[in-house]
Engineer: 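Would you mind keeping the following structure in view while I ask a few things?
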2 protein chains.
Amino acid sequence: METETSEHNECDGAVSLAFTILGKRWNGMIIATLGKGPLCFAELRRAVPGISDAVLSDRLSELAEVTLVTRSVNPGPPIAVSYALTDGGERLVPVLEQLGQWASSSLPSPVKA
Amino acid sequence: METETSEHNECDGAVSLAFTILGKRWNGMIIATLGKGPLCFAELRRAVPGISDAVLSDRLSELAEVTLVTRSVNPGPPIAVSYALTDGGERLVPVLEQLGQWASSSLPSPVKA
DNA sequence: AATAGTAACTAATAAAAACAAAGTGACTAG
DNA sequence: CTAGTCACTTTGTTTTTATTAGTTACTATT
């Protein structure tokens, strides 16, 4: 009747939780990019090369839903929507920087075709 | 002929490189799990709940290819294949731990259905 | 010895996610 | 009036992931 605590593994729940967000393509990049300051949709798309409108839109909704980014509409006339990190999002930025350092030092060059 | 340095953004290449690996589902979890010590295929599958044989096999090949894990075959008779982190993989472990801490403190609970 | 069970995979197929391209509605510049 | 930007949404097509079912080599059981 061992409740599964005796043997050993059961992968870290917190890390697993982190990867529900970061294990999806683009999320890490979006947060890292917003770490340099708020940006609006088009700027963000340009800053994250390769992402498409549809996916960016989708990711931003998700990130807003888990309260890592905020969406603020400035109803101009030239309407502008600005995306920024929340506190929680900001707290991730330094970790992402370490991730970047790790990648530079431990990953082989950008596996090109 | 501006080489794209004038305006501003262009998301961090190193972070982007990190996410070529970590932005794929399971990779982070696999590395975090191996961070607690080497495991063989079946143990790993049990330790990472939800992953399937096919995907685990695939991920392990990828991770071996970028030299983050090693695969060593012990030709028993009871043949056993053991997977372990390389130096590069080990260097990621502390960062993953921070990621876990961040998740616990900044992410809403496991969005259940 | 035949039957069933585990380990470590591979193969085939189904389902989900990502991508590319175009379209929408509001507005500005020429 | 035409063309272009912004912020998206919609519609396919392609890639990735996931699920299911083998396969080969052994071990444990009966």
Side-chain angles (χ1 to χ4, degrees), chain A residues 4 7-9 11 16 19-31 33-34 37-66 69-84 110-113, chain B residues 7-9 11 16 19-31 33-34 37-66 69-84 111-113:
Chain A
E4 192 58 53
E7 272 271 283
H8 50 127
N9 21 37
C11 67
S16 163
F19 278 102
T20 58
I21 303 297
L22 295 175
K24 305 188 70 171
R25 214 160 167 181
W26 302 117
N27 275 341
M29 289 312 305
I30 292 170
I31 295 172
T33 303
L34 287 177
L39 293 173
C40 57
F41 194 89
E43 292 171 319
L44 208 37
R45 181 187 34 199
R46 282 189 288 265
V48 182
I51 200 171
S52 70
D53 283 25
V55 175
L56 178 54
S57 180
D58 200 59
R59 288 298 112 93
L60 286 170
S61 304
E62 284 178 20
L63 292 174
E65 202 142 321
V66 295
V69 316
T70 53
R71 179 176 184 274
S72 13
V73 184
N74 178 325
I79 181 177
V81 182
S82 179
Y83 294 90
V111 190
K112 50 191 52 181
Chain B
E7 271 271 285
H8 53 128
N9 21 36
C11 68
S16 164
F19 278 102
T20 57
I21 303 297
L22 297 175
K24 304 188 74 171
R25 209 160 172 183
W26 305 115
N27 275 341
M29 289 312 305
I30 292 171
I31 294 172
T33 302
L34 288 178
L39 293 174
C40 59
F41 194 87
E43 292 171 318
L44 209 36
R45 181 189 34 202
R46 282 189 288 266
V48 182
I51 199 170
S52 69
D53 283 26
V55 174
L56 177 55
S57 179
D58 200 58
R59 287 299 114 92
L60 287 170
S61 304
E62 284 179 20
L63 292 175
E65 202 143 322
V66 294
V69 317
T70 54
R71 179 178 185 273
S72 14
V73 184
N74 178 324
I79 180 177
V81 181
S82 178
Y83 293 91
V111 189
K112 51 191 49 178

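The model shown is predicted, which means the values in this text are computed figures rather than measured ones. Within every chain, numbering begins at 1; the chains are lettered A, B, ... in the order of the sequence lines, protein sequences first and strands thereafter.
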Engineer: Closest-nucleotide mapping onto DNA chain D: is B:R59 or B:D53 further toward the 5' terminus? I mean the 5' end.
Structural biologist: B:R59
Engineer: Rounded to whole Å, how long is the line connecting atom CG of A:D58 with atom C1' of C:dA16?
Structural biologist: 12 Å
Engineer: Please test A:L34 against A:V69 for side-chain contact (heavy atoms from CB on, under 4.5 Å), starting from the C-alpha separation and ending with a verdict.
Structural biologist: CA-CA 9 Å; A:L34 287 177; A:V69 316; 3.9 Å; yes
Engineer: Would you indicate what A:K24 reaches in the nucleic acid, counting non-hydrogen atoms under 4.0 angstrom: base, sugar-phosphate, or nothing?
Structural biologist: nothing
Engineer: Measure CG/B:L56 against P/D:dT19 and give the value in whole Å, please.
Structural biologist: 14 Å
Engineer: Output yes when B:E62 and B:R59 qualify as a salt bridge under the 4.0 Å nitrogen-oxygen rule, no when they do not.
Structural biologist: yes
Engineer: OP1 or OP2 of C:dA21 versus the side-chain N and O atoms of A:S52: is any pair under 4.0 Å?
Structural biologist: no
Engineer: Hey, are the side chains of B:L44 and B:L60 touching, using non-hydrogen atoms and a 4.5 Å cut-off?
Structural biologist: yes
Engineer: Can you tell me if B:S57 touches the phosphate of C:dA8, counting only side-chain N or O atoms and a distance under 4.0 Å to OP1 or OP2?
Structural biologist: no
Engineer: Check the distance between C:dA17's P and A:N27's CG and give it to me in whole angstrom.
Structural biologist: 13 Å
Engineer: Let me confirm one number: the CZ-CD1 distance from B:F19 to A:I31, rounded to the nearest 0.5 Å.
Structural biologist: 7.5 Å
Engineer: Has B:R46 got a side-chain N or O lying under 4.0 Å from the OP1 or OP2 atom of C:dA7?
Structural biologist: yes
Engineer: Side chain of A:A42: nearest nucleotide among D:dA7, D:dT9, C:dA8?
Structural biologist: D:dA7
Engineer: Among C:dA8, D:dT17, C:dA18, which nucleotide sits nearest the side chain of A:W26?
Structural biologist: C:dA18
Engineer: To the nearest Å, how far apart are A:I51 CD1 and D:dA7 C1'?
Structural biologist: 14 Å
Engineer: For A:F19 and D:dT17, what is the distance between atoms CZ and P respectively, to the nearest whole Å?
Structural biologist: 14 Å
Engineer: Could you check how far CG of B:L44 sits from C1' of C:dA7, rounded to whole Å?
Structural biologist: 13 Å
Engineer: How would you label the contact of A:R45 with the nucleic acid (heavy atoms, under 4.0 Å): base, sugar-phosphate, or nothing?
Structural biologist: nothing
Engineer: Out of D:dA7, C:dA8, D:dT17, which has the shortest distance to the side chain of A:V81?
Structural biologist: D:dA7
Engineer: Nearest whole Å is fine: how far is C:dT24 P from A:I79 CD1?
Structural biologist: 19 Å
Engineer: Where each residue is assigned the nucleotide of DNA chain C containing its nearest heavy atom, which of A:R25 and B:L60 is assigned the position nearer the 5′ end?
Structural biologist: B:L60
Engineer: Could you check how far CD1 of B:I30 sits from P of C:dA8, rounded to whole Å?
Structural biologist: 15 Å
Engineer: With the side chain of B:F41 defined as its heavy atoms from C-beta on, choose the nearest nucleotide among C:dC19, D:dT9, C:dA8.
Structural biologist: C:dA8
Engineer: Heavy atoms under 4.0 Å, any strand shown: does A:A54 hit a base, just sugar-phosphate, or nothing?
Structural biologist: base
Engineer: Which atom pair, heavy atoms only, marks the closest approach of A:I21 to A:N27?
Structural biologist: O-ND2, 2.9 Å
